[in-house]
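Quick notes on the structure that follows.
Everything numeric here is computed off the predicted structure, so don't read it as measured data. Side chains included, hydrogens not; waters and symmetry mates left out as well; all remaining heavy atoms used. The residues of the chain are indexed from 1 along the displayed sequence.
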Amino acid sequence: MLAQSEIDALLSGAINFDQKAGEDNVNVSEKLNPSGESAGLDGKREKKVQPYNFWSPARFSKDQMRAVELVHEDLSERLTTSLPTFLRTNVRPRLVHIEQGRFHDFIKDFPANTLFHLISLAPLPGHMVLTMSLNVSYLILEQRLGGKIEGRFTERALTEIDQSLLRGMVEHMLGDMKGAWSKVASLEPSLEDSTINQHWVQMMMGNERVLLLTLELNIQGITGTMSIVIPFNTLKPITEVLNPHIWIAGRKEHQQDPVARQMAIQSTLRAIVPVTVILGSVDLSLQELMGLSIGDVIELDTSIDSPLVIKVANKKQFYGRVGKSRKRLGVQITRVYRENEENPQGY
C-alpha cells in the first residue's frame, strides 16, 4: 500500500525520473535472465505470472492455429475460383478471424434461423460445423433461383427447398476443402447433415474446445460471413503435422523402398496357387447316388470336344483342353475365360 504522500507524488509527476530508472533496471535484469525471471528493485528475483483459465484452457498451440489458418487461406483462394462458376456471379471469400474457445459460447451468437452443416473429415473423428450468415444465405438463394438481387432481405424461416439449395453449395465446396487440406493430411470431406435445430447441433458437438474460423464473403457488394467450427478432438490425430513448416513444404508422400518392393514381388512369386480343371458336372438324385456301385458310368454335361473351364485360386480364368504330356495327363490353355460367354465352342 502507498502512503498519501507517495500517491500525491505520483499524481504530480515528482517521481517520474525514479520510476523510469526502475523500469530500466528491470529491463536490464530481464535481458540478463532469459529464463523468464526478473529482478525487482529490492534485488529479489521475481517470476512472470500469466493467468490460466481452468474453465477454458487453450488446446491449440500457436503453430497449430497458424497451420489451420494457412489451410483456410488456401481454401479462400480456391473458393474465389470455384464459387463464381457455381453461383454465376463474383464471390470474394477472405479469412478475417480465427480464435479458440468453447462451442457453447460460440453457438449462442448465431441467429435462430441459421442453417448448420455437419461435415465429416474422414478418417478423422467427429464433425466440423459450417454456417453462413442469413444475408449471404438469402443472397445465394436469390441468385440460385434467378431472382433480382436488391440487397434488402426479410428474415424468414428456411424452407426445405432453401436448405437443399444451400446444401448443394456446401457439397460444391467439399472438393476445395479436400485440396486445401491435402498439404497437411489426406482427408475426404463429406456433408453428413444440415439442420436449423441449434439444440440438436449443441447435443452433437457437446461443449468441447473448438477452433472458430470466420471467412468474409463479398457477393455483389453485399458482405456476410461464413463460419467454420472445428473441434480439437477432430484434429487431435494430426496435431503432429499441424505445423506451418509442413504446410509450406507440402505433405511428403510415402516413398516405397525399391529393395523392399523387389523382395515383396519375389515372395509373391513363390506363393502356391491352386489350379483346378473342371471336367464337367451332373445332377443326381439322392436315390441315384445311393444306388451307385463299382463299374457304373456317370454321364457328364460336357462332350469330348467341349472346352474345359480352368480355375485359378477358385476363380474361373481360362478355357482349355485335356491331353497327355509324356506319361501324365495335362491340360492346354486355349483362351481367356469370359463371364458372359455361354457354351464356347472350338479352341
Spell out, yes or no, whether Leu124 and Met173 are grouped together once hydrophobic residues are joined by side-chain heavy atoms under 4.5 Å, including indirect joins.
yes

For side-chain contact (heavy atoms from CB on, under 4.5 Å), just list the numbers for Leu166 and Leu141, CA-CA rounded to whole Å, side-chain angles, deciding distance to a tenth of an Å, and then say yes or no.
CA-CA 7 Å; Leu166 293 174; Leu141 292 174; 4.0 Å; yes

Going by side chain to side chain contact (heavy atoms under 4.5 Å, CB included), Val277 matches just one of Val309, Leu329, Leu308. Which one?
Leu308

Acceptor/donor pairs from residues 235-242 side chains to any protein atom, 3.5 angstrom cut, sequence neighbours excluded:
unit_1, atom_1, unit_2, atom_2, d
Thr239, OG1, Lys236, O, 3.0

Within the distance-only criterion (no hydrogens, no angle test), does the side chain of Ser227 pair as donor or acceptor with the backbone N or O of Thr131 below 3.5 angstrom?
no

Short side-chain to backbone donor-acceptor contact, Ser164 and Ile161, under 3.5 Å:
no

Report the residues that fulfil salt bridge (Lys or Arg N to Asp or Glu O under 4.0 Å) with Asp162, sequence neighbours left out, ordered by chain and then residue number.
Arg156

Same cluster or not: are Ile230 and Met132 linked, directly or through other Ile, Leu, Val, Met, Phe, Trp or Tyr residues, by side-chain heavy atoms under 4.5 angstrom apart?
yes

Any side-chain donor paired with an acceptor under 3.5 Å for Thr89 and Gln143?
no

Heavy-atom side-chain proximity of Met226 to Val136 below 4.5 angstrom:
no

Hey, are the side chains of His117 and Leu115 touching, using non-hydrogen atoms and a 4.5 Å cut-off?
yes

May I ask whether Leu215 and Trp181 are part of the same hydrophobic cluster, defined by side-chain heavy atoms of I, L, V, M, F, W, Y residues being less than 4.5 angstrom apart, directly or through others?
yes

How many angstroms lie between atom CG of Leu130 and atom OG of Ser194, to the nearest 0.5 angstrom?
9.0 Å

If you measure from CG on Leu139 to CG on Leu217, what distance do you get to the nearest 0.5 Å?
9.5 Å

Among Asn218, Leu83, Thr81, whose side chain to side chain contact (heavy atoms under 4.5 Å, CB included) with Val91 holds?
Leu83

Transitively linked via ILVMFWY side-chain contacts under 4.5 Å: Ile119 with Phe86?
yes

Can you confirm whether Leu87 sits close enough to Met169 that some side-chain heavy atom of one is under 4.5 Å from a side-chain heavy atom of the other?
yes

Side-chain contact, heavy-atom cut-off 4.5 Å: Lys62 with Arg66?
no

How many angstroms lie between CD in Gln287 and CG in Leu284, if you round to the nearest 0.5 Å?
11.5 Å

Arg78: what forms a salt bridge (Lys or Arg N to Asp or Glu O under 4.0 Å) with it, not counting sequence neighbours?
Asp74

Give me the atom names and distance for the closest heavy-atom approach of Asn243 to Ala67.
N-CB, 3.5 Å

Can you find a heavy atom in the side chain of Ile140 that is under 4.5 Å from one in the side chain of Ile219?
yes

Take Glu99 and Phe106 through the test side-chain contact (heavy atoms from CB on, under 4.5 Å) and record every step on the way to the result.
CA-CA 10 Å; Glu99 67 172 309; Phe106 292 144; 3.8 Å; yes

For Glu142 and Gln220, run side-chain contact (heavy atoms from CB on, under 4.5 Å): C-alpha distance rounded to whole Å, both residues' side-chain angles, the deciding distance at 0.1 Å, then the answer.
CA-CA 12 Å; Glu142 290 289 335; Gln220 296 188 4; over 6 Å; no

Heavy-atom side-chain proximity of Gln317 to Ile310 below 4.5 angstrom
no

Student check: side-chain heavy atoms of Asp193 and Trp200 closer than 4.5 Å:
yes

Got more than 12 heavy atoms from elsewhere within 6.0 Å of CG, Asn314?
no

Within 6.0 angstrom of Met290 CE, more than 12 heavy atoms from elsewhere
no

Please report the interatomic distance CE(Met177) to NE2(His172), rounded to the nearest 0.5 Å.
11.0 Å

Quick one: does NZ or CZ of Arg338 land under 6.0 Å from the six-membered ring centre of Tyr319, within 45 degrees of the ring axis?
no

Mind running side-chain hydrogen bond (donor to acceptor under 3.5 Å, both in side chains) on Ser190 and Glu192 for me, showing each step along the way?
CA-CA 6 Å; Ser190 62; Glu192 297 293 334; 3.1 Å; yes

Could you report the tightest heavy-atom contact between Gln163 and Leu158, atom names first, then the distance?
NE2-O, 3.3 Å

Nearest heavy-atom pair of Ser281 and Asp301: which atoms, and what distance?
OG-OD2, 2.8 Å

Ring pair (Phe, Tyr, Trp, His ring centres under 6.0 Å) filter on Phe110, not counting sequence neighbours, yields Phe116

When you look at Asp63 and Ser61, which way does the side-chain hydrogen bond (donor to acceptor under 3.5 Å, both in side chains) test go after all the steps?
CA-CA 5 Å; Asp63 287 342; Ser61 66; 5.4 Å; no

Quick one: do Val184 and Met65 end up in the same hydrophobic cluster if we chain Ile, Leu, Val, Met, Phe, Trp and Tyr together by side-chain heavy atoms under 4.5 Å apart?
yes

Residue pair Asp105 / Lys108, side-chain heavy-atom distance below 4.5 Å
yes

With sequence neighbours left out, what residues match Glu188 under salt bridge (Lys or Arg N to Asp or Glu O under 4.0 Å)?
Lys178

Could Glu160 and Arg167 be called an ion pair, given the rule that one side-chain N must be under 4.0 Å from one carboxylate O?
no

Roughly how far apart are Ile228 CD1 and His72 NE2, rounded to 0.5 Å?
4.0 Å

Nearest 0.5 Å, please: how far is CD1 in Ile278 from CG in Leu300?
11.5 Å

Pairwise salt bridge (charged side-chain N to carboxylate O under 4.0 Å, His left out) hits with a residue in residues 81-97, at least two apart
Arg94-Glu216

Less than 3.5 Å apart, any donor N or O on the side chain of Asp305 or Ser303 sitting next to an acceptor on the other?
no

Steps toward side-chain contact (heavy atoms from CB on, under 4.5 Å) verdict (Leu211, Ile98):
CA-CA 7 Å; Leu211 197 62; Ile98 177 172; 4.1 Å; yes

Of Leu121, Thr234, Val229, the one forming a side chain to side chain contact (heavy atoms under 4.5 Å, CB included) with Met128 is Leu121

Gln198 (side chain) donor-acceptor with Pro111 (main chain) under 3.5 angstrom
yes

Non-hydrogen atoms of Ile298 and Val282 that approach each other most closely
CG2-CG1, 3.6 Å

